[in-house]
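Per chain, numbering begins at 1; letters A, B, ... match sequence-line order.
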Amino acid sequence: MRLSHTLVPTLKETPAEAQIVSHRLMLRAGLVRQTAAGIYAWLPLGWRVLQNIEQIVREEQDAIGAQEMLMPTIQPAELWRQSGRYDAYGPEMLRIKDRHDRDMLYGPTNEEMITDIFRQSVKSYRELPQMLYHIQWKFRDEVRPRFGVMRGREFLMKDAYSFDLDYASAVVSYRRMMLAYMRTFHRLGVNAIPMEAESGPIGGNLSHEFIILAPTGESRVWYDAAFERMDYSPRAVSHESEADLERFFVQMTTPYAATDEKHDEAAWARVADKREGRGIEVGHIFYFGTKYSTPLGLAVAGRDGAPVTPHMGSYGVGVSRLVGALIEAFHDDAGIKWPDAVAPFRAAILNLKVGDANCDRLCEDLYAKLRGNALYDDREERAGVKFADADLMGHPWQIVVGPRGAANGMVELKRRMTGERQELDIDAALARLG
RNA sequence: CGGGGCGUGGCGCAGCCUGGUAGCGCGCGUGUUUUGGGUACACGAGGCCGCCGGUUCGAGUCCGGCCGCCCCGACCA
């Protein structure tokens with residue numbers, strides 16, 4: 001895209017409402033605009049990041065055999081009355097009425113709905129296990145939205161649901177999903193650590209939350225450095241091997257890891273290689289047995305023909321929250337430092353002198369060769385403005401094209417994450433970008 | 001939901017106490033200037049002063065009500 005005709009309203013000053021760094025930078029870099037408390041519009045740059053994250057999440061779900069689908073945002077209250085959660089959920093649930101005065105709601109999650117859909121068509125044990133997911137907007141009417149998209153009321157979430165014949169099988173599904181999560185966060189460029197968690201309002205007793213490390217994270221975390229050395233690539237762990245999954249699960253849950261609430265000084269004292277930091281919860285997985293299948297009447301015929309109530313689990317990733325969380329993890333005083341995997345553009349081309357024949361020619365050449373992967377700053381702005389905006393937007397690479405170098409076909413390549421720069425000719429620069 | 005704060009051009013703010021022609025910086029437009037880290041100067045455009053009502057000759061300013069947003073706490077992907 002050419003920046004001169006792209007809606008990327010960068011701000012020199014921080015809007016008063018933004019407090020934490022990711023929120024400030026998302027506003028300043030022109031990623032989002034707030035529409036109401038906890039509700040945001042995603043502008044072109046932010047939307048690209050969100051989609052990149054979503055795609056990585058999707059690919060790792062697909063990789064373990066989960067099936068993608070899409071459930072609606074609006075749900076009938078009736079379903080929630082069957083599970084008993086219509087009354088239990090409280091004012092966090094946004095309740096609305098349609099024109100026929102029927103009670104509806106904007107879904108905060110989809111256990112009831114998926115269970116209902118599943119029970120309508122799955123009738124035999126032969127069809128289990130199954131894992132389904134969707135990536136959909138949710139709404140939770142938080143009393144106090146804050147931290148920008150990290151604690152919004154409307155948010156994009158990947159939620160998956162597993163259906164198994166019995167507990168043993170459900171545990172395998174659970175572990176498989178944990179594996180997908182570790183791979184997902186690894187691809188996003190962050191360290192994520194699974195920590196045993198309270199099961200919360202969704203219920204159940206096998207539950208982990210995934211904390212990514214960020215210096216400005218909301219809670220303190222203590223963990224064993226063993227987590228930094230683990231390999232859960234497909235080569236090391238097969239999602240189809242129960243033995244692999246068990247070994248993986250033990251590996252992930254044995255070393256010490258805890259947030260404030262569960263930190264245990266005695267156990268911590270026995271950890272040899274200690275790591276402390278701060279973290280942000282970006283995912284949560286639960287096994288909850290027949291909590292929904294029983295009240296909603298989900299049952300399949302077992303081998304002997306008698307009905308069996310499937311065991312379920314649900315697995316969430318806060319996709320929109322991750323945008324904020326990643327910025328918390330990757331930024332400096334000048335702005336965002338996107339990890340390569342999620343950056344809105346791989347590179348920014350900074351034309352320091354629009355109108356200069358050499359600069360224009362070189363930039364156009366680069367822009368064409370990088371296809372859709374570059375944001376071309378073709379604005380008639382001063383160099384300083386372009387540098388500042390590029391740093392703020394956080395493109396992994398900046399290709400600086402100025403009249404001095406351009407005359408000799410040279411450009412300066414800057415790596416945002418490390419700050420390192422080098423003078424290269426066009427081909428070398430492109431090669432470096434990969 | 002308890003406690004606190006704030007709503008004034010796009011952004012950041014002053015003006016309100018003590019009513020009397022709506023200001024500043026940034027940004028935006030034009031021109032000159034500058035030309036590798038947010039250049040300088042000049043001119044210019046842009047405002048239901050959150051909304052409704054009241055007091056007053058006169059309300060951004062005083063009074064009442066409402067709405068919105070932010071922060072701390074309790075709660076959460």
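With a cut-off of 3.5 Å on both Watson-Crick or G-U wobble distances, the partner of C1(B) is given as G73(B). Using Watson-Crick or G-U wobble geometry with both donor-acceptor distances under 3.5 Å, C48(B) finds no partner in any strand shown. Pair assignment for C17(B): none, as no Watson-Crick or G-U wobble contacts are both less than 3.5 Å.
At a cut-off of 3.5 Å, with distance as the only test, no side-chain donor of Gln61(A) or Tyr315(A) sits close to an acceptor on the other residue.
When distances are taken from the side chain of Arg140(A) to each of A74(B), A77(B), G38(B), the shortest belongs to A77(B). The side chain of Ala16(A) sits closest to G12(B) out of G12(B), A77(B), G38(B). Among the nucleotides G37(B), A74(B), G12(B), the one closest to any side-chain atom of Arg421(A) is G37(B). When distances are taken from the side chain of Pro15(A) to each of C75(B), G38(B), C11(B), the shortest belongs to C11(B). Side chain of Arg404(A), nearest nucleotide from A77(B), G38(B), G36(B): G36(B). For Ala37(A), the listed nucleotide lying nearest its side chain is C69(B); candidates were C75(B), G36(B), C69(B). Among the nucleotides C75(B), G38(B), G37(B), the one closest to any side-chain atom of Asp391(A) is G37(B). Residue Glu13(A) has its side chain nearest to C11(B) when only G38(B), C11(B), C69(B) are considered. When each of G37(B), G73(B), C70(B) is scored by its nearest atom to the side-chain atoms of Arg146(A), the top-ranked nucleotide is G73(B). When the nucleotides A77(B), C13(B), G37(B) are ranked by their closest atom to the side chain of Glu281(A), A77(B) comes out on top.
Partner Val317(A) forms a side chain to side chain contact (heavy atoms under 4.5 Å, CB included) with one of Thr184(A), Leu156(A), Leu322(A), Val282(A) and no other, that one being Leu322(A).
A distance of about 26 Å separates the P atoms of C62(B) and G25(B), rounded to the whole Å. Straight-line distance between the P atoms of G20(B) and A59(B): roughly 11 Å, to the nearest whole Å. A gap of 23 Å separates the P atoms of A45(B) and U8(B), to the nearest Å. One P atom belongs to C26(B), the other to A22(B), and the distance between them is 23 Å to the nearest Å. Atom name P, nucleotides C6(B) and U39(B): the rounded distance is 34 Å, in whole Å. One C1' atom belongs to G64(B), the other to C57(B), and the distance between them is 22 Å to the nearest Å. G9(B) and G15(B): their P atoms are spaced 15 Å apart (whole Å).
Within the structure, a side-chain polar atom (N or O) of Lys12(A) is placed less than 4.0 Å from OP1 or OP2 of G27(B). At C70(B), one or more side-chain N or O atoms of Gln34(A) fall inside 4.0 Å of OP1 or OP2 (strictly under the cut-off). For the OP1/OP2 pair of U39(B) and a distance below 4.0 Å, the side-chain nitrogens and oxygens of Arg382(A) include at least one atom meeting the criterion. For C1(B), neither phosphate oxygen OP1 nor OP2 lies less than 4.0 angstrom from any side-chain nitrogen or oxygen of Arg144(A).
Cation-pi check for Arg48(A) over Phe345(A) is met; the charged atom lies under 6.0 angstrom from the ring centroid and within 45 degrees of its normal.
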Apply side-chain contact (heavy atoms from CB on, under 4.5 Å) to the pair Glu68(A) and Arg58(A), showing each step before the final yes or no.
CA-CA 8 Å; Glu68(A) 183 167 13; Arg58(A) 173 177 292 119; 2.8 Å; yes
Stepwise ring pair (Phe, Tyr, Trp, His ring centres under 6.0 Å) check, His208(A) with Phe210(A)
CA-CA 7 Å; His208(A) 286 85; Phe210(A) 293 78; 7.3 Å; no
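In this structure, the CG atom of Asn358(A) is 18 Å from the P atom of U35(B), given to the nearest Å. For the pair Gln136(A) CD and A77(B) P, the computed distance is 19 Å after rounding to whole Å. Computed from coordinates, the Glu17(A) CD to C71(B) P distance equals 9 Å when rounded to whole Å. Taking atom CG of residue Leu11(A) and atom P of nucleotide G10(B), one finds them 13 Å apart after rounding to whole Å. Distance, Glu218(A) CD to C72(B) P: 12 Å, rounded to whole Å. Whole-Å rounding puts the Met177(A) CE to A77(B) C1' distance at 14 Å. Straight-line distance from the CZ atom of Phe147(A) to the C1' atom of A77(B): 14 Å, rounded to whole Å. Between the P atom of A77(B) and the OH atom of Tyr315(A) lies a distance of 16 Å, rounded to the nearest Å.
The residues Arg2(A) and Asp377(A) are annotated as not salt-bridged, no charged nitrogen and carboxylate oxygen being separated by less than 4.0 angstrom.
Looking at every heavy atom in both residues, Tyr86(A) comes nearest to Arg95(A) through O-NH1, 2.9 Å.
Residue side chain Phe387(A) fails the stacking definition with respect to G38(B), as its ring centre and the base's six-membered ring centre are not both under 5.5 angstrom apart and under 30 degrees in plane angle.
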